[in-house]
Amino acid sequence: MTRVRAVELRLVRLPLVRPFRTSFGEMAEKECVLARVETEDAAGWGECVAGVEPDFSAEWNEGAWLVIRDFLAPALLDAGEVRAEDLEAVFASVRGHPMAKATIVNALLDAELRAEGRSLASYLGAERDRVECGVSIGIASSPETLLEQVDGYLAEGYRRIKLKIEPGTDVERVRAVREAHPDILLSVDANAAYTPEDVAVFRALDAFGLLMVEQPLHHEDVVQHAVLQSQIVTDICLDESIRSAADAAAAIDLGACRIVNVKQGRVGGVLEARRVHDVAAERGVPVWCGGMLETGVGRATNLALAAMPNFRLPGDTSASRRYFPDDLTEPFELAPDGTMAVPSGPGIGVEPRADRLEACTLRRELLQKE
Ligand code: NPG
């Protein structure tokens, strides 16, 4: 137990190595909210996975900033002696906003673990010191560019390729990649761009031996995902539809998915992510670690999670250089065998480099008890 002395918020922006296009939009830069929570014993870091616009989810940077500034941070500063595990109760009066809540939960937990000298991976019950990595490829301008990118990432060692798809840019692109690489682990991610009337697209994709098709339908359409899963052979994986362990249990029990993408930032932080892991494991359903183009802070958090036992498929935990010419932390590197080391130092095991953090900061605010 410790008291929180201050919460420092920063809005940071980093250039991406190449624009990232999905069915809902294109990102040319990474912009996110970072929180540094200072307790009586240590300081910890949390990265918010929201984006500039409320497109992937209803949350977005400016909204997350206000929810933290006006509701979560005041509740935390008023909570007295507190632990990360108490925050669900401390934040109970704030409905929703799991990405904003995750930022603070993760930062406080990081501070606690740093004070104890214990790594996040060990706290979560990680079983590995390296994890298998995949890579997610945005919708490319042409099939040739896509194939070039696939070749490049395979040469680096990535163990699974995920292709973003959208209506009209799907079956033929997947066919081209599959013909060039008959044996790789290959998956697709629709980011909710299709409707139940598109079942023919997914039946066609069944021919390519995909590892999964991720979030084909609207995020609120869990029942329709169950119908679609009964019509196709390929396993459905849900991402946007899963905002909690309760969502994951319900989706699996309904037959809406056979694989779950765990993004700790989407479900309210690593503690709820661990519960998602557990409900899936109890049901014999594998999970894997999703990504939101995180800086090194969020990447370190994700790697600790991805080392838990039921993370049985390669995650979107790619190397820093796949995203940024210069990350906020020391860069995360992919080994030639397609694995990455799980940080083993106290807490998340990394910190932003001071000079880099200053250079990337657009805005900063310090929240303290009056
Ligand atoms: O490697 O971090 C990564 C990107 C993985 O494809 C990825 N993320 O829908 O899962 C997604 C997508 C995403 C990225 C969504 C950024 C929203 C923002």
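We count ligands from 1, going down the list as the structure has it; atoms in each ligand are counted the same way. Remember, it's a predicted structure, so these values are computed and weren't measured experimentally.
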> So if I count the atoms of ligand 1 from 1 in the order they appear, which ones are less than 4.0 Å from some heavy atom of Lys162?
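Those qualifying, in numeric order: 6 (O), 10 (O).
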> Using a 4.0 Å cut-off to any heavy atom of Asp189, which atoms of ligand 1 qualify?
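Answer for ligand 1: 9 (O), 10 (O), 11 (C).
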> Any nitrogen or oxygen of Glu214, main chain or side chain, under 3.5 Å from a nitrogen or oxygen of ligand 1?
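So ligand 1 has no N or O lying under 3.5 Å from an N or O of Glu214.
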> To which of Arg266, Glu294, Lys164 does the heavy atom nearest atom 12 (C) of ligand 1 belong?
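Of the listed residues, Lys164 has the closest heavy atom.
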> Classify the ring geometry of Phe311 against His277: parallel below 30°, tilted from 30° to 60°, perpendicular beyond 60°.
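Ring orientation, 0 to 90° scale: parallel.
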> May I ask you to decide whether Arg160 forms a salt bridge with Glu132, counting only side-chain N to carboxylate O separations under 4.0 Å?
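Salt bridge flag = no for Glu132 with Arg160.
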> Do the side chains of Lys263 and Glu294 get close enough for a salt bridge, i.e. N-O under 4.0 angstrom?
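No.
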> Looking only at distances, please establish whether an N/O atom of ligand 1 is found under 3.5 Å from an N/O atom of Asn261.
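Between Asn261 and ligand 1, no N or O pair is found under 3.5 Å apart.
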> Could you find the nearest protein heavy atom to atom 6 (O) of ligand 1 and give me its residue, atom name and distance?
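Protein heavy atom at minimum distance: Ser136 OG, 2.6 Å.
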> Going by the closest heavy atom to atom 13 (C) of ligand 1, which one wins out of Gln215, Glu240, Met292?
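Ranked by closest heavy atom to atom 13 (C) of ligand 1, first place is Met292.
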> Is the number of heavy atoms from other residues, nucleotides or ligands within 6.0 Å of CZ (Phe24) greater than 12?
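Atom CZ in Phe24 is packed in, count exceeds 12.
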> Taking distance alone, with N or O pairs closer than 3.5 Å, would you say Lys263 contacts ligand 1?
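There is such a contact, yes.
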> Mark up the atoms of ligand 1 that fall under 4.0 Å of a heavy atom belonging to Asn191, in ascending order.
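It comes down to these atoms of ligand 1: 9 (O), 11 (C).
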> Looking at Tyr323, which atoms of ligand 1 are within less than 4.0 Å of one of its heavy atoms?
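Those qualifying, in numeric order: 1 (O), 2 (O), 3 (C).
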> Is the closest N or O pair between Gly291 and ligand 1 shorter than 3.5 Å?
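Between Gly291 and ligand 1, an N or O pair is found under 3.5 Å apart.
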> Looking at ligand 1, does Arg322 have a heavy atom less than 4.0 Å from it?
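Flag not set, Arg322 not near ligand 1.
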> Side chain or backbone, does Leu293 bring an N or O within less than 3.5 Å of an N or O on ligand 1?
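Right, the criterion is met.
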> Near Phe24, which atoms of ligand 1 are under 4.0 Å from a heavy atom of that residue?
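Selected atoms, number and element: 15 (C), 17 (C).
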